[in-house]
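Structure first, commentary second.
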Amino acid sequence: MADRLRIAVIGAGRIGAVHARTIRDHDRAELVLVADPDATAAAGLAATLGADSTDDTEAALTSEAVDAVVVASPTPLHVPHTLTAVGAGKAVLMEKPVALEVAAVDACIAALGEHAGRVMVGFNRRFDPSVAEVQARVQAGQVGTVEQVTIISRDPAPPPSEYLKVSGGIFKDMTIHDLDMARHLIGDIASVHAVGQHLDPAVDDVYDAATLTLTGTSGAVAVVVNSRHSVAGYDQRIEVFGSAGTLEVINQRASSVRLHDASGTEQSGPFLPFFLERYQRAYAAELGAFIEAALSGTPQSPSIADGRAALALAEAAGESARTGTTITLTQEVAR
Ligand SMILES: NC(=O)c1ccc[n+]([C@@H]2O[C@H](COP(=O)([O-])OP(=O)(O)OC[C@H]3O[C@@H](n4cnc5c(N)ncnc54)[C@H](O)[C@@H]3O)[C@@H](O)[C@H]2O)c1
């Protein structure tokens, strides 16, 4: 087994920069190359991290100087970039969502064949230390039988409209993380009911907020609450309520200092600004798991099948919001 994984980052945008820095800081990884058709963006990011850059994505995906790639390009490019890289023998950490349609994921899985295990899908929240602890304690039975799960996820501000145009909408772009979380915490989902809202007229999308009810095959129900804006910062909370207790992940703040005096008690400071700050440790743990599996040749997790299941739930949520009906999922479609 090689000691270090030589990695190229494909896409020098918001999440590409997070991954590039995380790779630079990992002792079993080497950031070799940053690729982006925007040569200035690629060179700017690579220069700060001591890597090479290129505006030729295809060359980076197949380069003999790299063992693995992180696909952080816009969502419609995830499947073609992943297939090219896997075809050239690389391991791939592919950002979420896998694609904009389940049919495209199925075609990708068919094309990957026996190599599907080389692909990890970037559901970074599974690797957040607090989420991992909650999941382990739920599995250990500490809350008894899980009855209700609440997942609140609000971004501080909407992304630019160029991003929104290719994002696939709130369910596939944003809720997808929470759909994966729901599966992670309550298992297979039997039905989805979603309500969308358009709250901010400046957001050029069908919905910029949503509330979903997911009924698990276990009987547990998960509620997901999303918004593209939150004046207090990045709002990330999870509660798992069971017959024997409740586990909770509270919002994190830059400061944990509180004043208690005659006028009351204070919890000062806003929430952490955004995903980079809140999930820094999750991205590092995600990369660590990816490197370990790539170097040892074991199957990656979360898998492309996990990516498919979350996308199928996102498609069902879109249909539910559009039609006002509850969508029942068949085993073949979404679990
Ligand atoms: N897991 C997470 O927490 C997380 C967070 C943010 C974004 N994402 C996902 O990552 C992807 C990128 O999001 P972002 O916010 O970084 O977007 P972004 O718009 O900031 O960056 C995308 C970059 O890809 C580049 N690009 C365009 N075509 C390319 C090509 N052919 N080859 C290589 N690069 C190309 C663009 O020039 C841009 O620099 C999206 O699919 C998004 O869903 C995941």
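As the structure lists them, so they are numbered: ligands from 1, and atoms in each ligand from 1.
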Query raised in the report: CG of Asp56: more than 12 outside heavy atoms within 6.0 angstrom?
Result: yes
Query raised in the report: Listed by chain and number, what are the side-chain hydrogen bond (donor to acceptor under 3.5 Å, both in side chains) partners of Thr175, not counting sequence neighbours?
Result: Asn226
Query raised in the report: Which pairs pass salt bridge (Lys or Arg N to Asp or Glu O under 4.0 Å) with one or both residues in residues 240-253, sequence neighbours excluded?
Result: none
Query raised in the report: With distance as the sole criterion, is a donor-acceptor pair present between the side chains of Ser301 and Ser303 under 3.5 Å?
Result: no
Requested in this report: Please identify each residue that fulfils side-chain hydrogen bond (donor to acceptor under 3.5 Å, both in side chains) with Asp52, with sequence neighbours left out.
Outcome: none
Query - Result of checking Leu5, Leu287, Leu295 against Arg28 for side chain to side chain contact (heavy atoms under 4.5 Å, CB included) - result: Leu295
Query raised in the report: For ligand 1, what are the residues with a heavy-atom contact below 4.0 Å?
Result: Ile10, Gly11, Ala12, Gly13, Arg14, Ile15, Ala35, Asp36, Pro37, Thr57, Ala72, Ser73, Pro74, Thr75, Leu77, His78, His81, Glu95, Lys96, Pro97, Gly122, Asn124, Tyr163, Asp173, His177, Phe275, Tyr283
